[in-house]
*Asks:* 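Dropping the structure in here first, questions after.
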Amino acid sequence: MLKKLHQCQWNKPPLHFPILSSLLFPKPSSSVSAAMLHHDHDHDHDQDHQLKTFAFGRFVGPAPRLYPPAELNRKISQFLLSHVLAGNRSFKDLHSLIYQIVQQEGSGSAPSICELLLNNFHGWDSNIVVWDMLAFAYSRFELVQDALFVLAKMKDLNLRASIQTYNSLLHNLRHTDIMWDVRNEIRDSGTPENEYTNSILIHGLCEQSRLQDAVSFLQISEGKDTGLSVVSFNTIMTRFCKLGYLDVAKSFFCMMLKCGLLPDSYSYNILIHGLCVAGSMEEALEFKNDMEKHGVEPDIVTYNILAKGFHLLGLMGGAWKVIQDMLLKGFNPDVVTYTILMCGHCQMGNIEEGLKLREEMLSRRFQLSIISYSVLLSCLCKSARFEEALILLYEMEALGLKPDVISYSILIHGLCKKGEVHRAILLYEEMCLRRICPNYFTHGAILLGICEKGNISEARKYFDNLITSDLVEDIVLYNIMMGGYVKLGNIAEAVQLYQKLTEKKITPSIVTFNTLIHGFCKSNKLEEAWRLLDTIKLHGLDPSVVTYTTLMNAYCEVGNIDGMLELLWEMEAKAVMPTRVTYTVVIKGLCKQWKLQESVKLLEDMRAKGLTPDQITYNTIIQCFCKARDLSKAFQLHDEMLLHNLEPSPVTYNVLINGLCVYGDLKDADKLLLSLEDQKVSLTKVAYTTIVKAHCAKGDVSRAIIFFHQMVEKGFKISIKDYSAVINRLCKRCLINEAKYFFCMMLSDGISPDQEICEVMLNAFHQQGDLYSVFELLAEMIKCGLLCD
DNA sequence: GTAGGGTTAG
């Protein structure tokens, strides 16, 4: 009941703040959050109880609010008009007037409105129509409590509600058991059911996952006047498709025919959708032909389903063909068609094309939906283009589209993944303030963010709170937590969590295993990783492209290129499509074997397959050409990146600078760094340390000093490792004074020397016979506690 | 009253 009620739309206070506060302020005990989550439980229980009392018509509601005289008069005249309209059977106008009243009055207004009707219109002829329309309007606005209040009053007055009103209520209460109370009321009142009533009840049973009951209900409905309908069958078929039982869904399709009912476009579309989701495009297309043969014309929904099916398989070409077919049939693409296309572009990494479609839609005066925006938001976030994403969010608002829990979760997830947990939390708070209830996606995003920050104990606290609350228990949360441990190299803890989830009978997913495989590979336990492949199969799961790519990468890292290629072949034999990560790993393997031409060829193959190489792909191959001392080819690849609108990353420049330093001309490295600075290209500290180290090694200390100071000026945090790297190299070349210069700089920077750096310097001083410096350094070491005696 | 497009974890 709890979860079902969760899906209902009534307003709730933002209950999840406590979890957040425990995240922001690590101190408070975790039980506080758990207690608050249980409060959530009670809250739902109360609401359930309240509704039940309503449903039996014994509710003593809040006192009716008192209207000021002017408002009272206005309301009375509105209802006067309502009665006149009802009397004239002007139902359309009556309908809009009552809707307007309910919209004005809002939630909780039923007691006062009822009081007003009782006081002023008691016994009027058209009373029943007005009362019924009022209950109906409340129900349509999802103000269920108000609707039930009106119905209870009607019962007192012996006014029988219409089946339309009851049906609407049934629909709103389909997630709860109260649905049956309403149904009993219908029976008691003697209101005749219509053909919709049963299908709503069946829908409710389906949504409550009581599929068996739904089927029994369908069977007992057979033969009654208002019994079997195509809609009931469609509803049940939808449910079976969603559960992946396509054969069962098909058998219901046949049963429908046997019962003499003709499948409609919904029936066909439901099955075609099920087949597409299962990846059976061929059969889906057969069904479409079948549909045409039986005189049911495929509609825009059919085409969209098929296009999405191709998209799911990564076959955008097929999707395009479907859409062209659709255009030829005279259908215009609708917002769903556009969204599928946007999604296709975005997933191929072509955000710009996706954004162009948005412009096209706007210029054609198409209203983008919240879903179209989500697609774009997700894509922008994946590329860390948060500012643009936020602009889109504001654009949505300006168009009157209120971002929902998914839009927010996308942004929160994107920010967390890039380590901007603080900004993510601000959005989380904004979302709660707007009474948008976070779901496990949102919580998962925050958990991921804490893990990314490396704050594993804090993450675990958050995780434990979530899973002990019993409200959110999901394999994804386990996967994220396990991923957090693996990232820190703590495979043991990840395995423990795996055991815990098995004990709790939670079904692991392929990601669970991929995470463990990744962990074992990282700890150089390749055999254990390999063994998990069998475990995956034992669980009836198929290794995914990530499984293969992770293992391939591990083989590549240990230099077993043949092993890597074997996995690639196995993967291809199983028709698992390689991603750009897979390609990048293979390119890395080929580079290790110095198969440069082949790796360039693979880069071209990728593009031919519609996979866009990313910075990492290029960096891998550029690095290889640098090592092969083919710097001109390395730079040519860099230019190719620009040509393809792929912005080289700071790592690209580190690779190139390192290439010039080690395998080329150091002067060119200097020039490159200076020109990048001029162009305000963003660089990391590594660019500077690389060039500084190169100058130290080659003995041009003055240039090393210049670049070192530039690095400091740029605000990079200098560590003892950076000083050691420089001092080591200087000592190696016996540049003692220069080494001392950096040593002093380090001390004045507040960094204490370590044993290793001191030994290197002592060694160099001894070699030079510079005893004075030896004593000086020994004194410094005593000061730092590095020498005990 | 029934069908289609969006968010996770590696």
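Side chains included, hydrogens not; waters and symmetry mates left out as well; all remaining heavy atoms used. Everything numeric here is computed off the predicted structure, so don't read it as measured data. Naming convention: chains lettered A, B, ... in sequence-line order (proteins, then strands); numbering from 1 in each chain.
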*Asks:* A:L306 versus A:L285: any side-chain heavy-atom pair under 4.5 Å?
*Replies:*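 Yes, at least one pair of side-chain atoms sits under 4.5 Å.
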*Asks:* Ring centres within less than 5.5 Å and planes less than 30° apart: is that true of A:Y266 and B:dT2 in this structure?
*Replies:*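 One would call A:Y266 stacked on the B:dT2 base.
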*Asks:* Of the listed nucleotides (B:dT8, B:dG5, B:dT2), which one gets closest to any side-chain atom of A:S378?
*Replies:* B:dT8
*Asks:* For A:K382, answer base if it contacts any base atom (sugar-phosphate contacts may also be present), sugar-phosphate if it contacts only those atoms, and nothing otherwise; contact means non-hydrogen atoms under 4.0 Å.
*Replies:* sugar-phosphate
*Asks:* Assign A:T337 to base, sugar-phosphate, or nothing according to its heavy-atom contacts below 4.0 angstrom with the strands shown.
*Replies:* nothing
*Asks:* Using 30° and 60° as the class boundaries, would you call the ring planes of A:F331 and A:Y303 parallel, tilted or perpendicular?
*Replies:*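 Judged by the thresholds at 30° and 60°, the geometry between A:F331 and A:Y303 is tilted.
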*Asks:* Answer yes if the side chains of A:Y196 and A:Q164 hold a donor-acceptor pair under 3.5 Å, and no otherwise.
*Replies:* no
*Asks:* Let's see if you can work this out: which of B:dT8, B:dG1, B:dG6 has an atom nearest to the side-chain heavy atoms of A:Y196?
*Replies:*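 Nearest listed nucleotide: B:dG1.
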*Asks:* Reckon A:S199 touches a base, only the sugar-phosphate, or nothing at all at heavy-atom distances under 4.0 Å?
*Replies:* base
*Asks:* Could you please name the option among B:dT7, B:dG6, B:dA3 that lies closest to any side-chain atom of A:D299?
*Replies:*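 Looking only at heavy atoms from C-beta outward on A:D299, the closest nucleotide is B:dA3.
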*Asks:* To the side chain of A:Y440, which of B:dT8, B:dA3, B:dG6 is closest?
*Replies:* B:dT8
*Asks:* Is the shortest side-chain N/O distance from A:K487 to OP1 or OP2 of B:dA9 below 4.0 Å?
*Replies:* no
*Asks:* For A:T197, which contact category applies under a 4.0 Å heavy-atom criterion: base, sugar-phosphate, or nothing?
*Replies:* nothing
*Asks:* Once you round it to whole Å, what is the distance between P of B:dT2 and CG of A:N194?
*Replies:*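 Nearest whole value for this atom pair: 14 Å.
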*Asks:* Sub-3.5 Å donor-acceptor pair from the side chain of A:S523 to the main-chain atoms of A:K525, do we have one?
*Replies:*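 It does not hold such a pair.
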*Asks:* Under 4.0 angstrom, heavy atoms only, what part of the nucleic acid is A:S267 near: base, sugar-phosphate, or nothing?
*Replies:*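 Counting heavy atoms under 4.0 Å across all strands, no contact is made by A:S267.
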*Asks:* Tell me: CG of A:L261 to C1' of B:dT2, nearest whole Å?
*Replies:* 13 Å
*Asks:* Using the side-chain contact (heavy atoms from CB on, under 4.5 Å) criterion, which residues pair with A:S509? Sequence neighbours excluded.
*Replies:* A:I475, A:N479, A:V511, A:T512
*Asks:* Quick one: which of B:dG1, B:dT8, B:dG6 gets closest to the side chain of A:H171?
*Replies:*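 Given the options B:dG1, B:dT8, B:dG6, the side chain of A:H171 is closest to B:dG1.
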*Asks:* Tell me the interatomic distance from A:L477, atom CG, to B:dA9, atom P, rounded to whole angstroms.
*Replies:*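 Those two atoms, CG and P, are 12 Å apart.
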*Asks:* Of the candidate nucleotides B:dA3, B:dT8, B:dT2, which contains the atom at the shortest distance from the side chain of A:H413?
*Replies:* B:dT8
*Asks:* Rounding to an integer number of Å, can you tell me how far A:L427 CG sits from B:dT7 P?
*Replies:* 18 Å
*Asks:* Distance check needed: B:dA3 P versus A:F253 CZ, whole Å only.
*Replies:*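 Answer to the nearest Å: 16 Å.
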*Asks:* For A:L368, is there any backbone N or O sitting under 3.5 Å from a side-chain donor or acceptor partner on A:S372?
*Replies:*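 Checked: no pair found.
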*Asks:* If you only use heavy atoms from C-beta on, which nucleotide in B:dA9, B:dA3, B:dG5 is closest to the side chain of A:I480?
*Replies:*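 In terms of side-chain proximity for A:I480, the closest of B:dA9, B:dA3, B:dG5 is B:dA9.
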*Asks:* In terms of side-chain heavy atoms, does A:E360 have a donor or acceptor partner in A:Y338 at a distance below 3.5 Å?
*Replies:* yes
*Asks:* Looking for any heavy atom pair under 4.0 Å, which part of the strands does A:V476 touch: base, sugar-phosphate only, or nothing?
*Replies:*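 The residue A:V476 makes base contact.
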*Asks:* With a 4.0 Å cut-off on heavy atoms, is A:V486 in touch with a base, just the backbone sugar-phosphate, or nothing at all?
*Replies:*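 A:V486: no heavy atom of the nucleic acid under 4.0 Å.
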*Asks:* Does any N or O donor sit under 3.5 Å from an N or O acceptor when you compare the side chain of A:D334 with the base of B:dG5?
*Replies:*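 Result: no qualifying N/O pair found.
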*Asks:* Please work out if A:S409 contacts a base, only the sugar-phosphate, or nothing of the nucleic acid, heavy-atom cut-off 4.0 Å.
*Replies:*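 Base, at least one base atom sits under 4.0 Å.
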*Asks:* Within this structure, what is the CG-to-C1' distance between A:L205 and B:dG1, rounded to whole angstrom?
*Replies:*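 Taking CG of A:L205 and C1' of B:dG1, I get 14 Å after rounding.
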*Asks:* So, does the side chain of A:S369 form a donor-acceptor pair with the base of B:dG6 at under 3.5 Å?
*Replies:* no
*Asks:* A:E207 has an atom CD; how far is it from atom C1' of B:dG1, in whole Å?
*Replies:* 11 Å
*Asks:* Mind checking if A:K417 touches a base, just sugar-phosphate, or nothing, with heavy atoms under 4.0 Å?
*Replies:* sugar-phosphate
*Asks:* Mind checking A:N167 for me? I need base, sugar-phosphate or nothing, with any heavy atom below 4.0 Å counting as a touch.
*Replies:*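 No contact at all - A:N167 keeps every heavy atom at 4.0 Å or more from the nucleic acid.
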*Asks:* A:L448 side chain: which of B:dA3, B:dG5, B:dA9 is closest?
*Replies:*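 That would be B:dA9.
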*Asks:* Quick check for you: among B:dA3, B:dG6, B:dA9, whose closest atom lies nearest to any side-chain atom of A:K242?
*Replies:*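 From the listed options, B:dA3 comes nearest.
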*Asks:* When the distance from CD of A:Q367 to P of B:dG5 is rounded to whole Å, what number comes out?
*Replies:* 19 Å
